[in-house]
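Quick caveat: nothing in here was measured; it's all calculated off a predicted structure. These values consider heavy atoms only, across backbone and side chains, with no hydrogens, waters or symmetry-generated copies.
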Amino acid sequence: MKILFVIIISSIVFLHTFIASAQRSPAVFIKVDVIYASNERAFIDKKISRIVNDLKSLFAYSNYELIDIHSLETKYHQTGQIPLPNASKLQIVPLAEQAGYILLNVLVNRSNGYIMNTNFRIINGGTILVGGPRYKKGVLVFAITVETMR
Amino acid sequence: MESSSRCKYYKLVGPFVDNELSDSQKQDMALHVENCAECFNEVNKAQQTGLLIRENLIVEPTNDAMREIWENIHTELTNSHNFKTQQKRSVLKHFNKAKFWISAAAALIVISVGTLFYSFPYKTGNLQSNHCFVESIDSASASIMVFETPKNKMTVFWIFENESSS
Ligand SMILES: [Zn+2]
C-alpha cells in the first residue's frame with residue numbers, strides 16, 4: 001500500500017511539472033474548415049452536417065462541400081495565416097486569454113485590401129463562422145475553432 | 001370378510017391422510033373421496049376432521065397457511081440479513097486496517113484527476129458551447145452582418161461583398 005502511495009505522489013508531481021511547463025508557453029490551436037456553399041446541387045458533406053444543419057436555418061443554400069481543412073498551432077501575438085481558395089488570406093492572431101475566453105483578431109484579406117477586420121472573445125474550444133466571400137457560383141464559409149491549454 | 005367388501009381405495013386412505021401419495025395419486029384419491037362415502041368417512045375418521053380433505057382438494061392455501069409461509073419467509077430473510085451483516089462486519093474489520101491508506105489513495109486520485117480535467121479543458125468536436133463576444137468589426141469594402149446560429153449558438157460573420165471588390 002505504501003508503494004502505491006509513493007507511485008501516486010510521484011505521478012502527481014510529474015503531472016504538475018508537465019502542466020506548469022505547458023502553462024509557460026501556451027499553444028493556441030486553430031482549425032479552419034473551408035466550406036463552399038452554393039445552389040448548384042443539393043448535397044451536404046457528412047463531415048460538416050452539424051454546422052450545415054445550423055447554417056441552413058439562416059441561409060438558403062442547397063450545396064455544402066468541405067473543400068479544405070487547415071490546422072495550425074500558434075501562440076499569443078503570433079499571426080497564423082491560412083490561404084483561401086479565392087486568392088484571399090485569413091489571418092488569425094490570438095491576443096490574450098481572459099477567464100476561459102480567447103481574445104482573437106481575425107482579418108480576411110483580398111489583394112485589394114481587407115474585407116473584414118474583427119476582434120472577438122470566444123470560449124476556449126468554441127467555433128465561429130465567417131461567410132460570404134464570393135467563390136465560383138456561390139460563397140465561402142469558414143468554420144474557425146480555437147483551443148488552448150490554460 | 002370385512003376386507004373383501006372394502007373399496008379398493010381403502011388402503012390409500014392412510015397414505016392420503018399422511019400426505020405420502022404422489023401428486024397424481026393424491027388427485028385421484030381426492031376425486032374418489034368426493035364420490036365414495038366409505039373412503040370419505042375413513043378419511044374423516046383418520047383426521048378427526050374434514051379439513052384435510054379440503055386442503056388436499058383445494059390448492060389455495062388458507063389464511064393460516066399463508067401467514068405461516070410469510071412468517072417463514074420473514075424468518076429466512078431476517079436470518080440471511082443477519083448473516084450478510086455479520087459477513088460485512090468481518091470484511092469491515094479487515095478494511096479498518098487498510099482504511100487510512102485506501103482513503104488517502106482515493107483522495108489523491110480524485111485530486112489528480114480533477115487537476116487533469118481542470119488544466120486541460122479540451123472539448124474537441126464539442127460545439128455545444130460557442131459563446132462569443134464581438135468587440136470590434138470593420139471592413140474596407142464590404143457590409144458585414146453578425147448572426148447567431150439557432151442550435152449550436154455559433155456566431156456568424158456574414159460578409160456582403162460589393163460588386164467591385166470581388
Ligand atoms: Zn372408496
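Residues satisfying the ring-ring contact (aromatic ring centres under 6.0 Å, His included) criterion with A:Y114, sequence neighbours excluded, are absent altogether. For A:Y76, the side chain to side chain contact (heavy atoms under 4.5 Å, CB included) partners two or more places apart in sequence, or in a different chain, are A:P26, A:V28, A:P94, A:E97, A:I102, A:T148. Annotation: side chain to side chain contact (heavy atoms under 4.5 Å, CB included) contacts of B:H131 (sequence neighbours excluded): A:Y101, A:I123, B:S129.
In this structure, the portion of A:L103 lying under 4.5 Å from any heavy atom of chain B is its side chain and not its backbone. Of the atoms belonging to B:F133, heavy atoms from both backbone and side chain fall under 4.5 Å from chain A. In this structure, the portion of A:V139 lying under 4.5 Å from any heavy atom of chain B is its side chain and not its backbone. Using a 4.5 Å cut-off between heavy atoms, A:N105 does not touch chain B at all.
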Stepwise side chain to side chain contact (heavy atoms under 4.5 Å, CB included) test for A:L129 and B:T155
CA-CA 6 Å; A:L129 302 174; B:T155 299; over 6 Å; no

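The heavy-atom pair separating B:S136 from A:T118 by the smallest distance is O-OG1, 2.7 Å. The two residues B:S139 and A:M116 have their closest heavy-atom pair at OG-N, 4.3 Å.
Checking side-chain atoms of B:N130 against main-chain N and O of A:T127 turns up a donor-acceptor pair under 3.5 Å. Looking at B:E135, its side chain never comes within 3.5 Å of a backbone N or O of A:R121 through a donor-acceptor pair. When atom types are taken as modelled, the side chain of A:D54 and the backbone of B:T149 share no donor-acceptor pair closer than 3.5 angstrom.
Taken together through direct or relayed side-chain contacts under 4.5 Å among Ile, Leu, Val, Met, Phe, Trp and Tyr, A:V32 and A:Y36 form part of one hydrophobic cluster. B:Y10 and B:L12 sit in two unconnected hydrophobic clusters of ILVMFWY residues. Membership requires side-chain heavy atoms under 4.5 Å apart, directly or through other members.
The structure places CD1 of A:I115 at 12.0 Å from CG of B:D138, a figure rounded to the nearest 0.5 Å. Residue A:I122 holds its CD1 atom at 9.5 Å from CE of B:M154, rounded to the nearest 0.5 Å. Note that NZ of B:K151 and CZ of A:R50 are 11.0 Å apart. Values are rounded to the nearest 0.5 Å.
With a 4.5 Å cut-off on side-chain heavy atoms, A:I51 and B:N152 do not count as touching.
The candidate from A:L107, A:I128, A:V141, A:N117 with the greatest count of non-hydrogen atom pairs under 4.5 Å with chain B is A:N117.
Listed in order of number, the residues of residues 58-66 of chain A that approach chain B to under 4.5 Å between heavy atoms are A:L58, A:F59, A:Y61.
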